[in-house]
Every structure is written in C-alpha cells, then in structure tokens.
Amino acid sequence: KAGVTQTPRYLIKTRGQQVTLSCSPISGHRSVSWYQQTPGQGLQFLFEYFSETQRNKGNFPGRFSGRQFSNSRSEMNVSTLELGDSALYLCASSLQGGEETQYFGPGTRLLVL
Amino acid sequence: AQSVSQHNHHVILSEAASLELGCNYSYGGTVNLFWYVQYPGQHLQLLLKYFSGDPLVKGIKGFEAEFIKSKFSFNLRKPSVQWSDTAEYFCAVIPMFSGGYNKLIFGAGTRLAVHP
C-alpha cells in the first residue's frame, strides 16, 4: 500500500497570505489527523477528521481550519499567515481512530517570510 | 497541566551501549501509549505501542518499552544500540477518557546520537 502523501512538500509564503495543504491517507483509512511540528513547541495536535467530520480539535486559533472529503483526503488551511506559523505540518492517517496506529506522512514544510 | 515528559533532550552513546529513554505522563485513567522515531530526513515511524495486556511491549529494531501504571511511565529500552539508531525519539499518549480518538499528545522528544 502506498503511504500517506502530502502536497506540497515545501512552501514559502509571506505574512498575511493564506495557504492550503493537502493530505492523502493510506487507502482504506478514514481518519486523518494534522499536527504542527516546531523547534520551540514540538509536535502539537491540530485537529482530526473522520468521515468528513471534525471529531477533535487542538488549541490553535481559528485561522487554522481543515476539512475532509468523501474519499478521506483532507486539507488544512491557514489564513492570515504569521511568522510563527513557520513549521513542519504533518498529516497522519488511521483506519478508524482510537486504538489504532497512526501512520505519518513526510510533512509539508512551510516558511512564512 | 496535563502533559507528557521526556527526561532527556539529548543522549549521546557509543555503539553497543544500552539505552533507556524515560517518559512520564500526567493523565489519569486509560491511556494508549506510543513511541515514535524520526530518523534524519525521514518521517515519523511507530516503534511500538501499548494499549492493554502485557506491560512489556516489544517493537521494531530490538526496542522494547515497559508500562508502569503506578509510576505513569512508559520507558523505552534497547540493550545494544547501533549507529543507525541515531534519531529523535518521541513518546506520545492518547488519553482515552476525553474521547481522545487520534489526539496524540507528544513529549518534547529525545535526540539520540550514537557514535561508532
């Protein structure tokens, strides 16, 4: 099976812009989670989607949003980018969520100038 | 505040040395526990996990971890490390009581450098 794929892999944006990141889960997986990884804050949970519904949300401002499509692919959007949004954004998928292994993608590295 | 703590941020070992990385969490109730590894330039990979049953779990590449409920700990061990174990190691918890689903709470990570 192909692994979790994320596009784009690298992105450079300027403050105030918005960005959309995409994640394709492993075939058959219905749960997609997003994480932000920074040197200062480490790995932090953003949100989780299952069957097109957001089931769980981390402590991030409303500028961070996401959605999931009927084919389980997911997108996350960050509006009005700030310098502090520079990070590696990781997507993980699992079958249903809960007592299952999450498989991570390679991430999208976002640099905000 | 509820959290996951990894005691060592940086560990340097020689090949064949034994490894133990500490992890403590502060959540009560049922938790699912994980160790993930991030090799240089690669994505996060699962080393091992504990959901229930035998508190000593074995993972890939000779790693094992022991869940000690009374100590809220899930320490990672390997009897003899190799240069290829150089990586960053993350302990993570899903607190099931909060409807945690896939909300992994990560520790800060431990960077392991193994010298030949």
Side-chain angles (χ1 to χ4, degrees), chain A residues 2-7 9-10 23-26 29-51 53-60 66 68 72 74 87-109, chain B residues 1-10 23 25 27 29-53 57-60 63 65 67 87-111:
Chain A
V4 177
T5 58
Q6 293 186 245
T7 57
R9 293 293 310 279
Y10 303 93
C23 171
S24 293
I26 291 171
H29 285 194
R30 296 168 63 193
S31 170
V32 173
S33 300
W34 289 89
Y35 296 84
Q36 182 196 63
Q37 186 176 22
T38 60
Q41 299 298 318
L43 280 151
Q44 293 185 287
F45 173 81
L46 279 156
F47 28 64
E48 187 246 357
Y49 286 87
F50 178 80
S51 291
T53 301
Q54 186 182 88
R55 286 199 303 194
N56 219 332
K57 190 176 188 305
N59 296 324
F60 279 82
Q68 187 180 34
S72 294
S74 177
L88 181 66
Y89 289 89
L90 296 172
C91 167
S93 76
S94 68
L95 279 168
Q96 307 268 13
E99 292 195 8
E100 296 155 0
T101 300
Q102 291 184 54
Y103 296 88
F104 282 82
T108 294
R109 188 164 294 280
Chain B
Q2 297 176 322
S3 66
V4 178
S5 300
Q6 292 185 238
H7 311 306
N8 308 98
H9 293 300
H10 293 91
C23 173
Y25 61 94
Y27 301 93
T30 303
V31 292
N32 289 347
L33 298 157
F34 306 81
W35 276 97
Y36 279 86
V37 61
Q38 193 169 33
Y39 297 103
Q42 296 187 28
H43 55 272
L44 274 170
Q45 301 172 40
L46 181 72
L47 267 181
L48 46 78
K49 61 187 177 186
Y50 174 80
F51 294 159
S52 63
V57 291
K58 295 192 184 300
I60 61 171
F63 286 90
F67 170 52
E88 189 160 17
Y89 293 81
F90 295 92
C91 178
V93 172
I94 294 180
M96 300 304 290
F97 66 88
S98 62
Y101 296 112
N102 273 345
K103 184 177 181 177
L104 278 165
I105 311 298
F106 284 91
T110 297
R111 287 186 184 272

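Remember, predicted model here, so these are calculated numbers, not experimental data. Naming: A, B, ... by sequence-line order, numbering from 1 per chain.
Other residues, nucleotides and ligands contribute only 12 or fewer heavy atoms inside 6.0 Å of the OH atom of A:Y103.
Only the side chain of A:L90 comes within contact range of chain B, with heavy atoms under 4.5 Å apart. Looking at A:Q41, there are no atoms closer than 4.5 Å to chain B (heavy atoms on both sides), in backbone or side chain. For a residue to count as touching a neighbouring chain, one of its non-hydrogen atoms must lie under 4.5 Å from one of that chain's; by this rule A:Y35 touches chain B with the side chain only. Heavy-atom distances place both the backbone and the side chain of B:L44 under 4.5 Å from chain A.
Residues A:L43 and B:Q38 form no side-chain contact, since every pair of their non-hydrogen atoms from C-beta on lies 4.5 Å or further apart. Side-chain contact between B:H43 and A:Q6 is absent, with no heavy-atom pair separated by less than 4.5 Å.
Taking CZ of B:F106 as the start and CD of A:Q37 as the end, the distance is 8.5 Å to the nearest 0.5 Å.
Residues that satisfy the side-chain contact (heavy atoms from CB on, under 4.5 Å) test with A:R9, not counting sequence neighbours, are A:P106.
In terms of heavy atoms, B:L104 sits closest to A:F104 at CD1-CZ, 4.0 Å.
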